[in-house]
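Have a look at the structure below before the remarks.
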Amino acid sequence: MKLYSKYFRKYKVPFLVAILCVTLEAFCDLLGPTLMAHIINNGIEKANLPRVYYWGILMLVITMIGACFAVVRNNLASSVSQRMGADLRADLFEKIISFSEVNVDKIESGSLITRMTNDTSQIILFINGIMRIFIKAPIIGIGSVILATMLNIRLSLIIYGVVAVVTILIFISMKLSYPRFYRLQKAMDLVNSKIQEYLIGVRLVKAFGTYRSERDKFDEANKNFMRIGISSQMVITVISPILTLVVGIGTISIIYIGSRLFEGNQANAGDITAFTIYMAQILFSLIMITNVFNMFVRTKASTARIQEIIDCEEDYAKSKNNRKLSGKISFDHVTFAYPNGGGLPAIQELTFEVNDGESLAIIGPTGSGKSTIVWLLLRFYDADTGSILLDDYDLKTLGVDEIRNNIAIVPQKPILFSGSVAENLRWGDKNASEKELNLVLKKSQADFVNQMQEGYDSHLGSGGVNLSGGQKQRISIARGILKKSSVLILDDATSALDAVTEAKVQENLKNRLDKQTIITITQRCGTAMFADKILVMENGWKVGFGSHRELMENCEVYQDIYRTQIESVKGA
Ligand code: ADP
């Protein structure tokens, strides 16, 4: 409930008005059977037409007033619940974009989508329900019991019995439903994750022809969802008819015992009619209450899942400073293991230093920890031990925005958004002039943009689908250069370029006018060898550090890489 108090406070007035309306509406509904009893007992039985008119018109007026309250509360319930839902979604979205990377790893995006859509819809339904049946059902239920007792105490004993049995049934149903609904939501996450995984890797699936295995994986998740869905419905499908049966037996008992009492002049025909209507109303309210509990159970599960997002750690603190740093980097005995990586460190005891304006290449096989160095530098994660300094400031003392404003990254897989080339480039600098755009396109060997029909105003499909891998990489590099940051990181960013183009891009970066520290992550010796310093990584350990010449003298691993990549090519 703590989660929702903020929203309830915001919409307090319409919420309370809706509750008042539904309460008054329930009272109007409750009066119906008693008025009916009066019509029969005082009017029909005594053949008194004016009395029939009197009670009849009163009944009509009260029903109309009830209907007016119903219209108001229906409108308020819809608008308040939808508004609260929109606020909740907006807050969740805000939270998700401020997530620290640890949470991005922890909660799969498929699950985040289910929580943002399905779980919030469940909560909207529940809030809507509070302003409608949740208040009305108990009032009708309790009111019917009280009014029936006032009409005839002996007949009411049947109602008490029915209520006791039904309460136990509801309790059992709730106990059985909760874990099932919780599992249902989890199963839905899995289905969503599978679809998402497929969509992300659709080209790979097509290329490898692994449709069958993808379909099998989806089938498994889908069937699991179906099984849990059936089992969660089973509780309701069994309990609901039992409830109806119990109430049916109660109604028959009322008619049977009522007719015996009627014979002995201990009950009126009107009372017995009113009793059967109250019994029907109690049935309605009990079924509604079961639905309320089911909904409550689902909402509790959804709330727990939403609370998990709200409780997630946010990204590290931002700062008010926005200094332009020079780009000197030093790692001092840094060890880091991913929180979900099974405890095995991705980086161990790493120490190295790069001066501002220098270029550093990090080379090593996949999984050796190259990208992790970059994520730590961008402070997506904090080192477990040791310290990382940027311009002699410990990263932990800098705000994440300050760090990231000073670093540009060109990722391994270029990420482009639907929009024009210029829009994509201006992510680097939103005020960049056309001249600057042309310059960075030239530097990154992306002149092909000028040959496109509308130059850099040409539209890129979502993810840059209408470009080749190499073209995307070059635009992505141009965007990185345009940021004019103190540090530029190229994470295997030239892997799709041919050797000649790559050499040209490297050359252009080397001849830049602005002093910039450049970190190039690569598996290719041909790319690394031109950097001022080379860091050689293997299994999370530094196995070499120095210039190409130094490493060729003292680093066996580097010599091996050189031999296998360069000399074997030369020899061929
Ligand atoms: P490289 O860039 O050299 O290919 P990485 O730095 O990406 O290597 O990975 C180093 C190690 O950390 C690998 O064993 C990898 O499986 C693990 N790793 C990388 N990213 C994550 C992550 N988000 N969660 C858990 N483990 C990870």
Side-chain angles (χ1 to χ4, degrees), residues 96-97 99-112 193 196-197 200-201 204 312-316 329 331 333-352 354 359-386 388 395 400 404 407-415 469 473 476 480 487-496 518-529 531 533-545 551 555 557-558 560-562 564-565:
I96 289 168
I97 53 175
F99 259 13
S100 78
E101 206 60 21
V102 178
N103 295 312
V104 176
D105 291 348
K106 202 165 72 184
I107 307 182
E108 281 180 38
S109 52
S111 169
L112 280 180
S193 297
Q196 214 191 15
E197 228 173 74
I200 290 171
L204 222 58
C312 272
E313 246 172 83
E314 289 200 6
D315 212 347
Y316 307 109
I329 297 164
F331 274 55
H333 294 93
V334 173
T335 297
F336 169 74
Y338 283 97
N340 60 346
L344 215 67
I347 292 287
Q348 316 223 33
E349 285 288 320
L350 179 63
T351 301
F352 70 88
V354 187
S359 58
L360 168 78
I362 308 178
I363 191 168
T366 41
S368 57
K370 304 184 297 292
S371 301
T372 306
I373 297 174
V374 169
W375 301 138
L376 289 173
L377 190 60
L378 282 161
R379 211 173 166 212
F380 282 138
Y381 303 93
D382 267 342
D384 297 331
T385 55
I388 303 170
L395 283 193
V400 278
R404 293 171 198 170
I407 301 177
I409 178 157
V410 184
Q412 201 169 16
K413 269 205 327 221
I415 300 167
Q473 276 196 338
S476 173
V487 182
L488 173 66
I489 299 171
L490 303 166
D491 183 356
D492 227 348
T494 48
S495 57
I518 297 184
I519 302 180
T520 311
I521 295 181
T522 181
Q523 292 183 50
R524 294 200 226 171
C525 199
T527 309
M529 61 197 281
K533 284 174 180 166
I534 303 165
L535 171 64
V536 190
M537 296 295 296
E538 199 175 52
N539 291 328
W541 293 96
K542 175 178 91 176
V543 290
F545 185 70
L551 290 173
C555 178
V557 177
Y558 188 77
D560 271 351
I561 301 173
Y562 183 80
T564 48
Q565 290 187 3

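Atoms within each ligand, like the ligands themselves, are counted from 1 in listed order.
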With atom 13 (C) of ligand 1 as the reference point, say which of Gly367, Pro345, Ala337 has the nearest heavy atom. Gly367
Test Ile329 against Val487 for side chain to side chain contact (heavy atoms under 4.5 Å, CB included), laying out the working first. CA-CA 9 Å; Ile329 297 164; Val487 182; 4.1 Å; yes
Heavy-atom proximity to atom 18 (N) of ligand 1 ranks first, among Phe380, Trp375, Tyr338, for Tyr338
Evaluation steps, side chain to side chain contact (heavy atoms under 4.5 Å, CB included), between Glu538 and Val536: CA-CA 7 Å; Glu538 199 175 52; Val536 190; over 6 Å; no
Looking at Thr351, is its backbone amide N or carbonyl O close enough to the side chain of Lys542 to form a donor-acceptor pair, meaning the two atoms are under 3.5 Å apart? yes
If we ignore hydrogens and angles and just use 3.5 Å, is the side chain of Arg404 paired with the main-chain N or O of Arg379 as donor and acceptor? yes
I'd like to check the salt bridge (charged side-chain N to carboxylate O under 4.0 Å, His left out) partners of Asp384; sequence neighbours left out, ordered by chain and number. none
List ligand 1 atoms under 4.0 Å from Pro365, heavy atoms only on the residue side. 3 (O)
From Gly540, Ser371, Gly364 - option closest to atom 2 (O) of ligand 1 by heavy atom: Ser371
Sub-3.5 Å N/O-N/O distance, Ser368 and ligand 1: yes
Could you tell me, atom by atom, which parts of ligand 1 come under 4.0 Å of a heavy atom of Lys370? 1 (P), 2 (O), 3 (O), 4 (O), 6 (O), 8 (O)
Would you call the rings of Phe331 and Phe352 parallel, tilted or perpendicular if under 30° counts as parallel and over 60° as perpendicular? parallel
Are any of the heavy atoms in Tyr381 under 4.0 Å away from ligand 1? yes
In terms of ring plane angle, is the pair Tyr562 and Tyr558 parallel, tilted or perpendicular, where the classes change at 30° and 60°? parallel
Atoms in ligand 1 flagged as close to Thr372, the criterion being non-hydrogen separation under 4.0 Å: 5 (P), 6 (O), 9 (O), 10 (C)
Is there a polar contact between ligand 1 and Ala346, counting only N or O atoms under 3.5 Å apart? no
